[in-house]
Each structure stands twice: as C-alpha cells, then as structure tokens.
Amino acid sequence: MAEADIRPTNFIRQIIDKDINEGLHTNIQTRFPPEPNGYLHIGHAKSICLNFGIAQDYQGQCNLRFDDTNPEKEDIDYVNAIQQDVSWLGFNWNGDVRYSSNYFDALYEFAVELINKGLAYVDFSSKEQMRELRGTLKEPGKISPYRNTPARENLALFEKMRGGQFKDGECLLRAKIDMSSSFMCMRDPALYRVRFAHHHQTGDKWCIYPLYDFTHCISDAIEGITHSLCTLEFQDNRRLYDWVLSNISIDTTPHQYEFSRLNLEYTVLSKRKLIQLVEENHVDGWDDPRMPTIAGLRRRGYTSASLREFCQRIGVTKMDNMVEMSMLEACLREELNADAPRAMAVLEPLKIVIENYSSDDVENLTAPNHPADTSKGNRIVPFSKEIFIEAEDFREEANKKYKRLVLGKEVRLRNAYVIKAERVEKDEQGNITTVFCSYDKDTLGKDPADGRKVKGVIHWVSASQGVAAEIRLYDRLFKLPNPAAEEEFLGCINEQSLVVKQGVVEPSLINAKLSMPVQFERTGYFCKDKDSQGDKVVFNRAVGLRDTWAKMDQG
RNA sequence: UGGGGUAUAGCCAAGUGGUAAGGCAACGGGUUUUGAUCCCGUCAUUCGUUGGUUCGAGUCCAUCUACCCCAGCCA
C-alpha cells in the first residue's frame, strides 16, 4: 500500500475505532467550538485539524459552533474572522454556523428542569461569601444558606432573574451537587449569572447568561455530537459535563475527551496574552506577520497546507509539549521548495559596474522558474552593465571557505555570466560604494572554456531594470523559548523581530500576486504584502532557506 | 495520602507481553549555476526511579520521583 494510505493514529481515533467496532456509533459527529473573543491561532489549528480531520476520515460531520455565552468579551468581528480562518485552512463545516446562543431557550428549560428536581437553586451570596464557603483544595466547602430554598421558590426566583428583576451579579443559579467534592468544579457550580449586556447574536433579549459548564455539554447533546474534544485543562470539568447530561431529559450522550494543547517555542498561545499584544500595540494588529494567529501566519506567507501538515506531524496526545519552531518551518520549506517559483532579489544592494560590458546594452536572459521542475517554465531576467549584488556577497579579501565575490577573483552570477572583481571605490568613511568588475562573455550557460573552476554563485538584479522594494525580515517575536513562563512575558519581546530592508527585486516580481509565495534564491521564501500600493512594493519573508554557511565556522 | 492528569532521544511521537517506527533538529559524505534542493550514511542495548511477576516487560503489579491542571458570576 502507498504511504499516503497510512493514516496518522492517535488515542482519540483509537477510541472512535473502538466505539464503531462495538456498534456504539454509526456516524461520527464532532465540533469546533471557539469563543469569539479573539482571533484563532495555531493552537486552534491543531484542534480544527483534529475535529474536521476526524469528521472527514470517518465520513462524519464537524460543526462550527461559537461558544458565545459571555457577551461582554465577545464581538461579531471575531465571529467573522474565525469563519474566514477555518475556511482558509481548508475545512467546511456541517450546515450552518451554530451558536450556543441558538440554544438559550432550551438551556433555560433544562435549568428549570434541574430546579424542579431540586438540583439547582438561586444563591444571593456575594462573590466573597461564595469563595469562603467553597473551601480549599484540601478542605471541603460549606453549605450556602440559600441551598435549601424550596424548588417552587427557586423557580419563581429564577423567573425573576430572567425577568430582569435582579441587578447585575446580584444572584446566581447554582447546581446542587457536593460542597465537599474533591473536584472543585462540583462544589455547587454556577449555571446562570445576571448580566445586562448586549449580545452580538441575541441582542437585548436576555439579561441572564448560562456558563460554560452548563452550556457546552447540552449544546453538544443537542447537536448530536458523539465525541467532544477539548484540551487537558477541562479534565476535571468532565465530571460536571457528565453530571448535567445525566440529570436532564435529553437523549444523546456525547462524551468528552481531552488532549494536550499546543505550545510553540518563542511565542505565546494564550488568548489573554495575544489580546494584550494587540491592544497595547506591541504588534501591528491580529494579522501582524509575527503573530502566531492564523491570520498572521497567512500574511507572513504560510500556506494552509503547511499548517495542516504541521498539525499532522505534531500529533495528538495528552503529554505537555513545547514544539520547536523548526518543526513549523520545515513544513513550509518542504512545500515551497517544491512549489514556489524562484526569483532574484537583493536585500542590501551593493553596486557592481561591469566595465567591459557595453553601456547601452540590456540583455534579456532566460532563467528557469524552478531548477527541478521545467513545467514551471522560464522568465526573462534583464542583464546590464550596472547591477546590484548582496553587500555580504563581496569581500576585499577572504579565506577559501568564502565562496562569493572577492577582489581579484571570479564568481558566477546566477543565470548569467562569470565576473571578476577588479577594483573597488570607497567613500570618505572607507565604505565600499562600487565594485568594478569584468565579465567573461563566453560563460553564459556554460563553464569557462579553459577549464577554470569558479566555485561560487551569487544572485543579482539589474540596476536599471530592477524594482525598488521594501523587504520585511521577520524573526521570532520573543527572545526566550517560553515567554509564558516569565513573570512578565512582554519583557522578552524581541526588538529585532522585524527588520526592514530597502532592496531591489527583478522586474518579473512586479506581477506577483498578494500572498503568492516565491523563493528569492539564496535568501528565503517571501510573499507580497497587502501594504503594497502603487509604486510601493512590500515583501514579507515567511522563512529563510536552511543556511549551513551561517552555522559553520567561517574562519 | 485533596483530586485530576502525564513521564519513550535535543524537540514532537509510534509502540496495546515477543526483543525500541517515523518526523524535526544535529552530524559526516556525494551531486549541484541557490552554501538551497536531492542522494547516501550516523544518531535510545534502552523507555522517569526502584523492586516484583513472566521463558520473555516500554507494555502487567507495587514503590518512589518529577512536571502540568483545579479554589471565575472566564472558556
């Protein structure tokens, strides 16, 4: 069998296989349930690929459901951005977008059911009182004075809550479970709070809103979710999830399984921290190319396929993890090495004058768009007497390890001729301003006839035909592998995470489309940024090429 | 002895009683008009600890250790 047939397995898929084999389910139903209080990040991509991937592979369905029970923190802009990101990642949700708020009426009725069963009560204790009565991790909590209110009374109180007769935060509907449970979430958790807030979906219809633990399990059940997948920190909450479903009248019983969330080196993946980066302007918005958001990675130049591949490679387990950035970068490089057309761009231009080249000539050279894929065709690259090369590709003197242009020595211009550096011109400060060279006209597309060996190859752009471009070089946003472990994560922001270069690119790049990846030979993978306008062309570096030269002892 | 979880290479991660997959990273060598790519090779006598069961243990039992999560009217 082909390797492509080997599906990645994980403990969740094994549970599903077992459930199917035992006849527990014939159809698999999952859901991706983001709260619309921020943009999706690469950690969400892991969950999206898991949930939608399982639905695809088992011929099931995956719903997109906004878990919108906290209107004060949520926004319709996030609802829209999230849908765009899920679509861009390449997934289609089952039917219409769902909202937990679609179920507010049903949720209310289930709460009434619990009240009638004597399993929920309205509590007027203050936050402080409740915290005191809750006990600690090692000591049991104490019974609230409101815990034994008769059901009939609780029902009337709850109706008054809904009717707007209590102030914000004045009272709560609580489940009556076990104040001495070792699971803190079972010590009579809050089910509903009073909140006079406008909701992006339900407007001002409600002034009470259900909490996560009450809402999520019921929403899953209503949608017929079979496997409800979430992250490890909800493991204790599973007891409450099951308690709610076993105490209300509902047929389906979804089961919750937890996997570990993604941690990526040199970035942060907590909603709170990402919001802070945006709101305090440490980055330029949610789609800043340095952000680990889907929108940021997309703008940076990451493809959806490379993100999906990444999610496949990291796997799904219950182990705490910290994935190296190189894992992500390898996924992009692997795809783009095969697919991205090549071009030449000089990030830090140094002028070269080829003295024995006739001054009015502009020669249209032909260069392949891909060195290993001729089906990608060729492009025209203009060559002229004056060109730019990378400043770091010239040295007045160097040891033999340096395979670039050195005074008195030869080097190959990529897709063009062999040139030799004859002399340099410097300004008053001693900076090299121009290198005067000669070229060998018999080296286009072939080695020197006399058998001379020219070891280096450097890229270049015609000075007269090249196009000025702003080139943005991105690096990791933080200086430390685990900024979240710091007392103040903002303290380790990498000030060099964005370096802007005024470069020059070959003219074929004028036609580059936004976000279409291209390899600038010898420097990395780039894409045109949305900030490009009219004459101003901007390119983002998504990731550099592997660079063994940078790592070796260069003498 | 609060409870819930997790320990396999630098980082991910397979492994489900039969003798340690794979990927990333790293390191050698070859090819190369990208110091890229590609190719070839190296990289766990050992699975957190210590015991035990077994012909046989990463897998089973016990013990200890380390780390993560839980005391929101957040999700």
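A note on names: the letters A, B, ... follow the listed sequences, proteins ahead of strands, and every chain is numbered from 1.
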**Study point:** Closest-nucleotide ordering on RNA chain B, the 5'-leading residue of A:Glu72 and A:Tyr417
**Key:** A:Tyr417
Practice item. Examine distances only and state if a side-chain atom of A:Tyr209 and a backbone atom of A:Phe196 form a donor-acceptor pair shorter than 3.5 Å. Key: no
Check your understanding: A:Met184 side chain: which of B:C74, B:C12, B:A71 is closest?
Key -> B:A71
Exercise for review: For the side chain of A:Leu545, starting at C-beta, report the closest nucleotide among B:A75, B:C11, B:A36.
Suggested key: B:A36
**Study point:** Distance, rounded to the nearest Å, where A:His459 contributes NE2 and B:G35 contributes C1'
**Key:** 13 Å
Check your understanding: Does A:Arg134 place a side-chain N or O at less than 4.0 Å from the phosphate oxygens OP1/OP2 of B:C70?
Key -> no
Review point. Reckon A:Arg193 has a side-chain N or O less than 4.0 Å from the OP1 or OP2 of B:C74?
Key: yes
Review point. Salt bridge check: are A:Asp188 and A:Lys176 linked by an N-O gap of less than 4.0 Å?
Key: no
Check your understanding: Can A:Glu410 and A:Lys455 be counted as an ion pair, charged N to O under 4.0 angstrom?
Key -> no
Review point. Between the main-chain N or O of A:Val122 and the side-chain N or O of A:Asn154, is there a donor-acceptor pair closer than 3.5 Å?
Key: yes
Study note, to complete from the structure: Checking N1-N3 plus N6-O4 or O6-N4 for Watson-Crick, or N1-O2 and O6-N3 for wobble, each under 3.5 Å, the partner of B:G56 is none
Point to revise | Under-3.5 Å donor-acceptor pair between A:Arg195 side chain and B:C73 base | key: yes
Point to revise | Check ion pair A:Asp440-A:Arg452 (N to O, under 4.0 angstrom) | key: yes
Check your understanding: Parallel, tilted or perpendicular: which describes the rings of A:Tyr439 and A:Phe383, with under 30° parallel and over 60° perpendicular?
Key -> tilted
Practice item. Ignoring backbone atoms, establish whether A:Thr523 has a side-chain N or O less than 4.0 Å from OP1 or OP2 of B:U34. Key: no
**Study point:** side-chain N/O A:Thr548 vs B:A36 OP1/OP2, d < 4.0 Å
**Key:** yes
Exercise for review: For residues A:Tyr212 and A:Phe234, establish whether the separation of their ring centroids is below 6.0 Å.
Suggested key: yes
Check your understanding: CZ of A:Arg261 versus P of B:U6: gap in Å, rounded?
Key -> 17 Å
Practice item. Decide, yes or no, whether a salt bridge links A:Arg31 with A:Glu223 under the criterion of side-chain N to carboxylate O below 4.0 Å. Key: no
Point to revise | base_contact_polar (B:G35 base, A:Asp547 side chain, donor-acceptor, <3.5 Å) | key: no
Review point. Hey, is B:G15 sitting syn or anti, using the within-90° cutoff around 0?
Key: anti
Exercise for review: Please state how far atom OH in A:Tyr212 lies from atom C1' in B:C70, giving the value in whole angstrom units.
Suggested key: 14 Å
Check your understanding: So what's B:U45 paired with, Watson-Crick or G-U wobble, going by both distances under 3.5 Å?
Key -> none
Check your understanding: Ignoring hydrogens and angles, does a donor from either the side chain of A:Arg239 or the base of B:G4 sit under 3.5 Å from an acceptor on the other?
Key -> no
**Study point:** Donor-acceptor pair (no angle test) under 3.5 Å: A:Glu258 side chain, B:G5 base
**Key:** no
Point to revise | Contact pattern, 5' to 3', of nucleotides 13-18 of chain B - B, S or - by protein heavy atom under 4.0 Å | key: SSSB--
Exercise for review: Take the protein atom CZ of A:Arg546 and the nucleotide atom C1' of B:A26, then report the distance between them rounded to whole Å.
Suggested key: 9 Å
Check your understanding: Think A:Arg187 has a side-chain N or O under 4.0 angstrom from the OP1 or OP2 of B:G72?
Key -> no
Review point. Under 3.5 Å, is there an N or O donor on one side and an acceptor on the other linking the side chain of A:Arg342 and the base of B:U34?
Key: yes
Study note, to complete from the structure: From the list A:Glu334, A:Glu329, A:Glu324, salt bridge (charged side-chain N to carboxylate O under 4.0 Å, His left out) with A:Arg313 holds only for A:Glu334
Revision key, fill the gap. Checking N1-N3 plus N6-O4 or O6-N4 for Watson-Crick, or N1-O2 and O6-N3 for wobble, each under 3.5 Å, the partner of B:A36 is none
Check your understanding: OP1 or OP2 of B:G35 sitting under 4.0 Å from any side-chain N/O of A:Arg522?
Key -> yes
Point to revise | Mate of B:U6 where both pairing distances stay under 3.5 Å, Watson-Crick or G-U | key: B:A66
Review point. B:A71 P sits how many Å from A:Leu133 CG, rounded?
Key: 17 Å
Point to revise | Any A:Arg404 side-chain nitrogen or oxygen under 4.0 Å from OP1 or OP2 of B:G35 | key: no
**Study point:** Interatomic distance, A:Lys400 NZ vs B:G35 C1' [rounded to whole Å]
**Key:** 16 Å
